[in-house]
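Take a look at the structure set out below.
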Amino acid sequence: MRFDILTLFPNMFSSPLGESILGKAVEKGLIQIQTVNIRDFALDKHRVVDDAPYGGGQGMVMKVEPIARAIESVKSQNRSARTIHLTPQGKPFHQDLARRLSTQSHLILLCGRYEGVDERVRELFIDEEISIGDYVLTGGELAAMVLIDAVSRFIPGVLGSDRSAEEDSFLNSLLEYPQYTRPVDFRGSRVPEVLLSGNHSAISLWRRREAIRRTSSRRPDLLAKANLTEEEKGLLEEGLKGKSIDGCRWGKVD
Ligand code: 4HQ
């Protein structure tokens, strides 16, 4: 899969996308990431990429012509590339959208700066607008990196052969269960005994229940979509009646 990032700050991407899992995915040729400096497509002497907004108001707006030329130069190499604009006005990014985008062969990611981009860019060139969340960034670059990271995890081979993005319990609408590693006792705080028991069915049961417990207390909105068994629903009801600070009590599981 190929990503072309259109940005005024190409240097922002080298380290986050060059390290660790994504760095290896690039080395293996599973993903290709190229940055395109929008300023290279400003043809005037001073290479101007922004201008004051029509109608007045604060700040500057990114001009349409350099962005148009940058998109057209990438599209001239591959007409089937899809163009995405990272913006708070876009549809909310989530795991299902990441999975869907991972089936594309080529994405063009437009990163805006200043107060945003001339509306005619959206009208004429953008296939999809995506927001990574309801907060305001200084530019679309970090949002593009978030998208590339989450999408790349779905590409076969990126996470390594023994691990798949589909395994994450988030996909079953549950938060992750608590994880522990050595030492067994840290300043009096101990690893739950069941995890040391070697009893694999007991461990699975404990993890499943912890995931449900956490989801119930922290993200009840997710729980509505989870595939709980009747027994689990019953346990959850009981836990909610006996009001623990977790919002849920399972009896003596930890
Ligand atoms: N931006 N999700 C770019 C964001 C954003 C978000 C603010 C995008 C500034 C110029 N992008 N403009 N949230 O906050 O994608």
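Computation of the quantities below employed the complete heavy-atom set of this structure, encompassing side-chain atoms and omitting hydrogens, waters and symmetry-equivalent molecules. In listed order, ligands and their atoms are each counted from 1.
- Under 4.0 Å is where a charged nitrogen must lie from a carboxylate oxygen, and between Glu176 and Arg207 no such pair does.
- Pocket lining of ligand 1, defined as residues with a non-hydrogen atom under 4.0 Å away: Leu86, Thr87, Pro88, Gly112, Arg113, Tyr114, Ile130, Ser131, Ile132, Gly133, Tyr135, Val136, Leu137, Gly139, Gly140, Ala143.
- Pairs engaging residues 45-70 under the side-chain hydrogen bond (donor to acceptor under 3.5 Å, both in side chains) rule: Asp40-Arg47 [sequence neighbours left out].
- Pairing each heavy atom of Glu115 with each of Gly59, the nearest pair is CG-CA, 3.8 Å.
- Checked for salt-bridge contact, Glu232 and Arg213 miss the test: no charged N lies under 4.0 Å from a carboxylate O.
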**Request:** Could you please spell out the steps behind the side chain to side chain donor-acceptor pair (under 3.5 Å) verdict for Asn199 and Ser201?
**Result:** CA-CA 6 Å; Asn199 182 339; Ser201 67; 3.2 Å; yes
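- The residues Arg209 and Glu231 are annotated as salt-bridged, a charged nitrogen and a carboxylate oxygen being separated by less than 4.0 angstrom.
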